[in-house]
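For reference, the structure is listed below as structure tokens.
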Amino acid sequence: RLHGVLADVVVESYSIDGFFDWEEVMARIKKVAGDDVVAMAPTMETFGLMKFRIGPDSFTRQVQLIGIDPEARAKTGDFAEFLFDEQGKPIKPSFDVPESLRMLNPTGEVMQGMDKNDPLYQALKGDLAEQAPADGIIIGYALATMHRPGSERDDYLIHMGANVGTVFPAASKIPEPGHDSYTVVGYFKSGMSEYDSTHVYVPLKQFQKVRLLLDGQGRGAVNQIQVKVRKGADLDDVALRLQAAMERFRPMHFRVSTWEQKQGPLLAAVAIEQNILNMLLFFIIAVAGFGILAIFSMIVVEKTRDIGVMKALGASTSGVRGIFLGYGLLLGVVGSGVGMAGGLVFVRNINWIEKQLSYVVGHKVFDDTIYYFNEIPTLVEPMTVVGVVGGALLIAAAASVWPAQRAAKLHPVRALRFE
């Protein structure tokens, strides 16, 4: 999800006002990285405020305003896959305002029940078409909706076709607020609440114009270049080469980061959680291994007479050892097999199980108001399953080695002495 929002590599300026010669910067990126670069997208990103109306009331939210070329941005990541309309249908990455949305009044309510031949309808149609901003805006899903605990659906607060205003710092000598208005043409939902509750996408050229980011030649400034790198390329190596090239081009003006470096603290926290979980699982399996060792040791003690009889009748040392090793391996196969089947069934039905547990304990086990997700996301990786089952088999076999060796070394006379 994090990678879907960000491109593989991000070249950004230290100033939010950006740089005008971004085409030259993109040419340098292509020259340095060569065939490793698949696509690039210029971006202007800054903080701001978004104003909208819900009925007669006006609301203001803090947002991250991002000016983009939607087609170029779609080529650098999964941006296009996160766009949809109010009915949940995918939409194309575009800021064009359809004629149907121009028929919406500023609160987002369609003129229903009116005869299209009515002069009043025609007058309203013309007035609303003039009122509707020419440019569209794509807003984060969490910005436009309100999630009610216990409900499986979200209520839309900002409908498609609604007019929203934005306020942001203009690039002037003395910091001044700039403003613009747009028509909502779609929603952005990546599944990351941090982005879905703050990100707002607007047309790059219009954003450059209203932020006063045009030079004497009519070029607009950007403060980021999103770079998509070919699959299999070393992102860290590409970032280092680009950073060195940018330092030679214009020292202390650019910062080059991979998507993992941009999300370093969050990914580090996830890595720590994974390491702790792996340690806990290791101790659980270690306890199971000691359990197998103890059980097999007791079996050897209980079966001392039988082992003595078998060896007295000609059973070889390796044969006795093989019996116990085979028993340990069989125990591992049965245990890991049942565990794997139970685990897969549990994961497949985890959301149903969560609902049943919530009903029993009387409160939500997985509170969707905290985690934002409507259901628990799961992912089964076949190689991970194979690794876990293989590790369990190895531990079961290893735990049976010492008891098997002890049983194999029993002398038949000593084993039968006290019988």
Side-chain angles (χ1 to χ4, degrees), residues 1-9 36 38 76-82 84 90 189-193 195 228-238 258-264 266-293 325-358 365-366 368 371-401:
R1 291 178 181 273
L2 290 173
H3 195 184
V5 176
L6 293 171
D8 297 326
V9 177
D36 286 339
V38 176
T76 62
D78 299 334
F79 175 73
E81 299 179 12
F82 299 147
F84 60 95
K189 185 179 182 181
S190 66
M192 295 294 298
S193 59
Y195 300 124
K228 181 177 178 60
V229 178
R230 68 173 177 83
K231 189 176 182 180
D234 188 341
L235 296 184
D236 293 325
D237 177 66
V238 173
T258 65
W259 73 273
E260 292 176 327
Q261 292 168 348
K262 292 281 288 183
Q263 299 294 338
L266 180 56
L267 292 177
V270 173
I272 291 174
E273 291 178 354
Q274 289 180 331
N275 291 334
I276 293 175
L277 181 61
N278 289 335
M279 291 176 61
L280 291 174
L281 292 176
F282 170 77
F283 286 124
I284 291 172
I285 297 177
V287 170
F290 279 111
I292 295 174
L293 178 64
L325 289 176
Y327 185 37
L329 186 60
L330 178 62
L331 185 64
V333 169
V334 174
S336 60
V338 173
M340 179 187 67
L344 293 176
V345 171
F346 181 87
V347 169
R348 185 177 181 84
N349 299 280
I350 192 168
N351 288 287
W352 179 83
I353 294 173
E354 185 270 337
K355 291 181 180 179
Q356 303 307 312
L357 287 176
S358 298
V365 175
F366 186 84
D368 48 9
Y371 299 102
Y372 183 71
F373 301 107
N374 292 327
E375 60 180 18
I376 303 174
T378 60
L379 175 65
V380 177
E381 296 182 350
M383 293 307 300
T384 301
V385 175
V386 172
V388 171
V389 172
L393 291 174
L394 181 62
I395 290 176
S400 61
V401 170

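When reading the values below, keep in mind they use all heavy atoms of this one structure, side chains included, and skip hydrogens, waters and symmetry mates. As the structure is a computational prediction, the values presented were derived from the model and not from experiment.
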Once rounded to the nearest 0.5 Å, what's the spacing between atom [atom1] of [X] and atom [atom2] of [Y]?
X	Y	atom1	atom2	answer
D36	L235	CG	CG	9.5 Å
L329	L394	CG	CG	10.0 Å
Q356	N349	CD	CG	10.5 Å
I272	Q274	CD1	CD	11.0 Å
L357	I350	CG	CD1	9.5 Å
I285	L280	CD1	CG	11.5 Å

Which pair of heavy atoms, one from [X] and one from [Y], lies closest together, and at what distance?
X	Y	value
S336	V389	OG-CG1, 3.9 Å
T258	D236	CG2-OD1, 3.8 Å
V365	S358	N-OG, 3.1 Å
I376	N351	N-OD1, 2.7 Å
S190	V5	CB-CG2, 3.7 Å

| Crowding at CZ, R348 (>12 non-hydrogen neighbours, <6.0 Å) |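 No, the 6.0 Å shell around CZ holds no more than 12 heavy atoms from other groups.
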| query | More than 12 heavy atoms of other residues, nucleotides or ligands under 6.0 Å from OH of Y327: is that the case? | reply |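 No, not enclosed.
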| request: Go through the structure and list residues passing ring pair (Phe, Tyr, Trp, His ring centres under 6.0 Å) with F346, not counting sequence neighbours. | output: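 Expected list: none.
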| Does F282 have any ring pair (Phe, Tyr, Trp, His ring centres under 6.0 Å) partners at least two apart in sequence or in another chain, and if so, which? |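 Not a single residue meets the ring pair (Phe, Tyr, Trp, His ring centres under 6.0 Å) criterion with F282.
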| field | Side-chain (T76) to main-chain (K228) donor-acceptor, under 3.5 angstrom | value |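 Not at all, since once roles are kept as given, no pair shorter than 3.5 Å links the two residues.
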| query | Given the rule in the side chain to side chain contact (heavy atoms under 4.5 Å, CB included) test, do L267 and W259 qualify, once you have shown the distances and angles that lead to the verdict? | reply | CA-CA 10 Å; L267 292 177; W259 73 273; 4.2 Å; yes
